[in-house]
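Structure record follows, encoded as structure tokens.
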Amino acid sequence: MTKERLRFAPSPTGDLHIGGARAALFNWLYARKTGGQFLLRIEDTDRERSTDAALESILSSMRWLGMNWDDEPVKQSQRGELYKEAVQKLLDSGAAYPCYCTKEELEAEREHAVAEKLDYHYSGKCRNLDQATRDTYNKERKPFTVRFRVPEGETSFEDMVHGETTFKNESIGDFIIARPDGTPVYLLAVAVDDADMGITLVMRGDDHLSNTPKQLMLMKALGAAQPRFAHLPQVLGMDKKKLSKRHGAASVMEYERMGFLSDAVVNFIALLGWNPGDDREKMSLDELITSFSIDHISKKSGVFDMDKLEWLNGQYLNDLAPEELLPHVTKLFIEAGYLDKDSAETRRDYILSIIVMLKERCRLLPEFVEKAVYFFNDPTEYDAKGEKKQFKDLSAADRLEELASRFELLETFDIASTEDVIRNYAEELEVGAGKLIHPTRLSVSGVTQGPSLFDMLISIGKEKTVARMKTAASYIRNKLS
RNA sequence: GUCCCCUUCGUCUAGUGGCCCAGGACUCAAGGUUUUCAUCCUUGCAACAGGAGUUCGAUUCUCCUAGGGGACGCCA
């Protein structure tokens, strides 16, 4: 069996879209699974909208997601000759013809059809022009586009996800394949490139389903081998409309910025319109490769559910070893001003301990920053609700001060000793330990929730713990006097 | 308008004629664990678009209707 050759063909007019990323991923997975080739083709024939920056952004998103490609990416803008030859070949064989209709004329035709509620196709006005007329037009240097002469009959193909799909050719009007300046139009470029690149399987969005017969006809007329097709369902936003900027985040880059892990994003995207055939949800890249199969691709378009992505990301965050999280979290801490580069080195163990305490409490990377403030800064204010409950009278201040001084006397400030202090004092006061734990937490962290109090205290250290408790005590006295 | 595609819980989905008064996951709700929060565990709510067939039997097959999407560009 010959090796499969697949391709992803983005047009560099913006960042890598979630839908595009999914198409790329499926192609990549299939290529890697079958030991085939995964090629990149940059569809930049629209010079107006294509930019190098967009191309770079797309490539970097692909790298971030963990996809690599074989060979150098092919750029359509550099293959003008190839398309010209193909157009000439089609012209010579009579499979295509020059069309001298102007944009205005065509526009009028179209408007007329719409007004009359008629099915619009190109009228075929220039289809059977005699040679004499063409000669005169050419002598006048009348600009012309090249149109493909759609043959009679029907075009059908076996789509690997939709099954046999048939189009009547009469429902397809003669379409333009080259502009007056000789540049090719999408349909032609794709047909020529897929043939030239030896693509064996085209996997792309199902918005291309009705383009497929046109490409097939072109390839046939060109005498090229035809690839197989697999059309992927659309990715929709929560409102069931095509995912776009208005849905908040439509590009891969935005998810990176929001603090998602690439593995979680890939995993989630893979499950959009595909399933492994069993109940697995959290899957590594390798698992995805071995499990991937086209017959588990869905026909139904799917909604991008951010809640589920966040949940998945939380699973990844929680399952990752602290060491693996270290670079990500350190970077964010530096950005937040908690650390500088040097102290990040020396305080490695401290950061690691914070990660251990917080990772099961976070779903997104940036949550580490907000949840870790008090590991770096003294609280500047106290949670309002907590304050109302824990700092409501002078005895709260007394207790904090008493605890602080008992902590101060401790020779070893560890989990066992701090817990002893709290529990013993609670017993003396004949109250539950919670009565001391909650105010202590609030005084040291400023918030009412977080990791185990004792873990937190020893991590912050005796000195700071004591100081913060004393500060809180005088804060209470001040407020109540 | 014409052609093509699609239709299972709010969402992602399993299901290829009996195992389905439809299973899993997210969300939500309730309970348990926990010093708090989170994690984790348990339980619950919640769907085969509608109608005709075919069949002993349809979520699964056929047809029709409705709804949604795509194409009909000198955009890709």
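All chains are named by letter (A, B, ...) in the order of the sequence lines, taking the proteins before the strands, and each is independently numbered beginning at 1. Here the structure is a predicted model, which is why all the values come from computation and not from measurement.
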Using distance alone, with no hydrogens and no angle criterion, decide if A:Gln76 and A:Asp193 have a side-chain donor and acceptor under 3.5 Å apart.
yes
Does NZ or CZ of [X] fall inside the cone over [Y]'s six-membered ring, less than 6.0 Å from its centre and within 45° of the axis?
X        : Y        : result
A:Lys214 : A:Phe175 : yes
A:Lys142 : A:Tyr137 : yes
A:Arg423 : A:Tyr425 : no

Counting side-chain heavy atoms from C-beta on, which of B:C4, B:C26, B:U35 comes nearest to A:Arg423?
B:U35
In whole Å, what separates the [atom1] atom of [N] from that of [M]?
N     : M     : atom1 : value
B:U2  : B:U59 : C1'   : 32 Å
B:U27 : B:U7  : C1'   : 22 Å
B:G53 : B:A14 : P     : 30 Å

Which part of the nucleic acid, if any, lies within contact of A:Lys435, taking any heavy atom under 4.0 Å across all strands shown: a base, the sugar-phosphate backbone alone, or nothing?
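Here A:Lys435 touches no strand at all.
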So what does A:Leu272 hit on the nucleic acid, given a heavy-atom distance under 4.0 Å: a base, only sugar-phosphate, or nothing?
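Since only primed, P, OP1 and OP2 atoms lie under 4.0 Å of A:Leu272, the category is sugar-phosphate.
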Got a sec, which pairs hit salt bridge (charged side-chain N to carboxylate O under 4.0 Å, His left out) with one end in residues 309-322 of chain A, sequence neighbours left out?
A:Lys282-A:Asp319
Treating primed atoms plus P, OP1 and OP2 as sugar-phosphate and everything else as base, which nucleotides of nucleotides 60-76 of chain B get B, S or - for protein heavy atoms under 4.0 Å?
---------SSSSSBSB
Nucleotide by nucleotide, 5' to 3', does protein get under 4.0 Å of the base (B), only the sugar-phosphate (S), or neither (-) in nucleotides 36-43 of chain B, counting heavy atoms?
BBBSS---
Which is more 5' along RNA chain B, the nucleotide nearest A:Phe454 or the one nearest A:Val161? Just name the residue.
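Looking at RNA chain B, the more 5' nearest nucleotide goes with A:Val161.
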Would you say A:Lys168 places a side-chain N or O within less than 4.0 Å of OP1 or OP2 belonging to B:C4?
yes
Under-4.0 Å side-chain N/O to phosphate OP1/OP2 contact, A:Lys299 with B:C6:
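Indeed, a polar side-chain atom of A:Lys299 lies that close.
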